[in-house]
There are 2 protein chains.
Amino acid sequence: MAPESNNNRYQQQRQQAIRSAAAVFAEKGFHGASTKDIAERMGIKQGSLYYYFKSKEEALGEVCHYGIEVYVDRMQSIADSDQPFESKLMATVTSHLTSYRERNEALKVHNDERLYLPEDKRATLKKLGSNYRQQLEHIFEEGVASGVLRESLDCHFAAQAVIGMCNGWGDIIQLDIYDIIQKCTDLLLNGFRERRKETRQ
Amino acid sequence: MAPESNNNRYQQQRQQAIRSAAAVFAEKGFHGASTKDIAERMGIKQGSLYYYFKSKEEALGEVCHYGIEVYVDRMQSIADSDQPFESKLMATVTSHLTSYRERNEALKVHNDERLYLPEDKRATLKKLGSNYRQQLEHIFEEGVASGVLRESLDCHFAAQAVIGMCNGWGDIIQLDIYDIIQKCTDLLLNGFRERRKETRQ
DNA sequence: TGGAAATTCTATTGATCTATAGAATATTTT
DNA sequence: AAAATATTCTATAGATCAATAGAATTTCCA
């Protein structure tokens, strides 16, 4: 049965269970992973896992949430902060890529397996995700307003493109992340074309 | 047992089986889908499916191949063609996005489920994919050589970024694809920044 | 230290799934 | 139409898996 009250050890072990589940789900997928796999990875027996989750599905939900929360929190700080557009853009790219590195397994699970969650849980995650996208979109709107970005920019498209580009680095663990951050930001601002002499119009 | 020789009906039915498998794998994932699901979708019984595939894994391999082949063929034409860089870039983006729309299910399966294939089959697909990436990289190198793109461009990064961005449009079926093509190409060439007066240096 | 609460284990149930074998039906060919 | 071939079906073996119940063990606290 579940523990009595605020229980430190329980919470720590549960956290460990979530990380184990993240690793196994990331490697084998939700349906390909067995509760035995997860339990073994944290050094307990299959049945014991149900002390921490009432179902395999609940474990998936926790993993997905664990993955995305770090994105969301950091984006909140960036959006609230008082920096010029270029800094916010670079901060977003940095946050996205470092989050993806730090919680690689959980975020992979969030991106690839969340559709196997029941409707209500999926809706909660979706809300977090579209909040994230909207905040990024708003940063682009500020960029347009401040004159850094072109008037004609489709900010919805821009936000989507950034997210897609940042998610596209599969084995990001292996890469020089600061190099990618720099190049992504440069691409977004200036594109790849040969630069002309800069003259204010 | 397998059919005798060049058998038209067999090949047609097998193609139908591949498309059914693509749909079911795309919806439920490889491990979440059952051979019963696939068989039912094509209107036969579970056991009968094994007339067309010797295993569920073989079906996955066929689906993945069916998905990616269209990319690869089109990229070959573009790379072989004799167009200026801008046209090749736009043709690539167009090809990538329309392929993703036309074979949405199979390509989703290729991207998300191919890692569950046995090593040798996975290696074959990987070769196709990195061929694709290299050809795109080469297009960027031509762009630099022709003076359209900056000398300093990291063409490997550029190719990866394009692919990531193009794959990021999940429910592409719903979208105005020509709008996205136009905006992607514009982003890649010019970025989002407010344009300065153009003056040749 | 002794008793209560928390954690893990063992054993099992019922369900589902892949793959195979051989029978039954349909199609093509002679 | 009869024979041969191709396609589908039925039935089942063997394996795995999620989830539960209750016993055993460990940890915590008075």
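The chains referred to below are lettered A, B, ... by the order of the sequence lines, with proteins before strands, and numbering in each begins at 1.
When heavy atoms are screened at a 4.0 angstrom cut-off, A/Ala33 is found touching the sugar-phosphate backbone but no base atom. Backbone-only engagement by B/Ser34 is indicated by non-hydrogen atom pairs under 4.0 Å involving sugar-phosphate atoms exclusively. Residue-level contact check: B/Phe53 touches neither bases nor backbone, having no heavy atom under 4.0 Å from any strand.
Here the nucleotide nearest the side chain of A/Tyr50, chosen from C/dA19, D/dA18, D/dT10, is D/dA18. Residue B/Tyr52 has its side chain nearest to D/dT8 when only C/dT10, D/dA18, D/dT8 are considered. Looking at the side chain of A/Tyr10, the nearest of the listed nucleotides D/dA19, C/dT18, C/dT7 is C/dT7. In this structure, the nucleotide among C/dA19, D/dT8, D/dA18 sitting nearest to the side chain of B/Tyr51 is D/dT8. The side chain of A/Ser48 approaches C/dT8 more closely than any other nucleotide in the set C/dT8, D/dA19, D/dC9.
Put simply, B/Thr35 has a side-chain N or O that comes within less than 4.0 Å of OP1 or OP2 on C/dT18. In this structure, B/Lys56 reaches the C/dT18 phosphate: one of its side-chain N or O atoms is under 4.0 Å from OP1 or OP2.
A donor-acceptor contact under 3.5 angstrom links the side-chain atoms of B/Gln46 to the base of C/dA19.
Using bins of under 30°, 30° to 60° and over 60° for the plane-to-plane angle, the ring pair A/Phe157/B/Phe192 lands in the perpendicular bin. Between B/Tyr10 and B/Tyr51, the ring-plane angle classifies as perpendicular under the 30° and 60° cut-offs.
Atom-to-atom, CE of B/Met42 to P of D/dT7 comes out at 11 Å; the value is rounded to the nearest Å. To the nearest angstrom, P of C/dA19 lies 10 Å from CD of B/Glu58. Taking atom CD1 on A/Ile38 and atom P on D/dC17, their separation rounds to 11 Å, with Å as the unit. Rounded to whole Å, atom P of D/dT16 lies 12 Å from atom NZ of A/Lys28. Across the protein-nucleic acid pair, B/Arg14 atom CZ and D/dT8 atom P stand 14 Å apart, rounded to whole Å. A straight line from CG of B/Leu49 to P of D/dT10 spans 15 Å, rounded to a whole angstrom. When the P atom of D/dT16 is taken as reference, atom CD of A/Glu40 falls 13 Å away, rounded to whole Å. Atom C1' of nucleotide C/dA19 and atom CD of B/Glu57 are separated by 13 Å, given to the nearest angstrom.
Between A/Asp176 and A/Lys183, no side-chain nitrogen of the basic residue sits less than 4.0 Å from a carboxylate oxygen of the acidic one, so the salt-bridge criterion is not met. Checked for salt-bridge contact, A/Arg193 and B/Glu86 meet the test: a charged N lies under 4.0 Å from a carboxylate O. Using a 4.0 Å cut-off between a side-chain N of Lys or Arg and a carboxylate O of Asp or Glu, B/Glu57 and B/Lys121 do not qualify as a salt bridge.
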Given A/Ser77 and A/Asp80, is the side chain to side chain donor-acceptor pair (under 3.5 Å) satisfied, shown in steps?
CA-CA 5 Å; A/Ser77 314; A/Asp80 290 348; over 6 Å; no
Test A/Arg133 against A/Ser130 for side-chain contact (heavy atoms from CB on, under 4.5 Å), laying out the working first.
CA-CA 5 Å; A/Arg133 198 190 34 66; A/Ser130 52; 4.1 Å; yes
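Checking A/Lys54 against A/Asp37, the closest nucleotide of DNA chain D that is more toward the 5' end is the one next to A/Asp37. With DNA chain C read from its 5' end, the first of the two nearest nucleotides for A/Gly47 and B/Phe30 is the one closest to A/Gly47.
Residues A/His110 and A/Tyr71 keep their aromatic ring centres 6.0 Å or farther apart.
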Provide a list of protein-nucleic acid N or O atom pairs under 3.5 angstrom, restricted to nucleotides 23-30 of chain D.
none

